[in-house]
Amino acid sequence: MFVEGTNDYKFNHVPMKLPTAGICDFMEYIYSTYPKEMKFLVNGPDLGECPIKIRTMYIFDEEFPTEAIPQRLLRNGLWKALVRCHLYGKEIINYSIVLKATDN
């Protein structure tokens, strides 16, 4: 997606659709699959917290697990993941992740 007024042209974009899952199931999966990485999440929900209360969460300057990215997508450059979640046609979550991929 290109957002007018941004420099999104400098990012690698690959359209991808993830399977549908409830947010509690999704967070349970993330916590069980990437427990070490979830420690980097600032102000994230507690493991097993459901419903998840409204909050702002951050991850600052941490290394993203390479094994979480399909091998055919791995290439150096700037990447931006735009994530939007809808419930009954209404957007309830919207966030982006910006990554810089390097061989170093």
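Just so you know, these numbers use all the heavy atoms, side chains as well, and skip hydrogens, waters and symmetry mates. As the structure is a prediction and not an experimental result, all values here were calculated from the model.
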Reported OH-to-OH distance for the pair Tyr58 and Tyr95, which is rounded to 0.5 angstrom
15.0 Å

Does Tyr88 have more than 12 heavy atoms from other residues, nucleotides or ligands lying within 6.0 Å of its OH?
no

Hey, are the side chains of Asn94 and Leu82 touching, using non-hydrogen atoms and a 4.5 Å cut-off?
no

Would a distance-only check, ignoring hydrogens and angles, find a side-chain to backbone donor-acceptor pair under 3.5 Å from Arg55 to Gly44?
yes

Could you check if a side-chain atom of Lys53 sits within less than 4.5 angstrom of a side-chain atom of Pro45, using non-hydrogen atoms only?
no

For Glu49 and Leu47, what are the C-alpha separation, side-chain angles and deciding distance, and is it a side-chain contact (heavy atoms from CB on, under 4.5 Å)?
CA-CA 6 Å; Glu49 179 182 336; Leu47 179 59; over 6 Å; no

Taking C-beta and beyond as the side chain, do Lys80 and Leu78 meet within less than 4.5 Å on heavy atoms?
no

With side chains defined as the heavy atoms from C-beta onward, is the minimum distance between Ile93 and Arg84 less than 4.5 Å?
no

State yes or no: do Phe26 and Val83 share one hydrophobic cluster built from I, L, V, M, F, W and Y residues joined by side-chain heavy-atom distances below 4.5 Å, directly or via other members?
yes

For the student: nearest non-hydrogen atoms of Pro51 and Cys24, plus distance
CA-SG, 4.4 Å

Does Thr33 use its side chain to pair, donor to acceptor, with the backbone of Ile30 at less than 3.5 Å?
no

Any donor-acceptor pair under 3.5 Å linking the side chain of Asn43 with the backbone of Thr56?
yes

Taking it one step at a time, do Met57 and Val42 satisfy side-chain contact (heavy atoms from CB on, under 4.5 Å)?
CA-CA 6 Å; Met57 298 179 276; Val42 177; over 6 Å; no

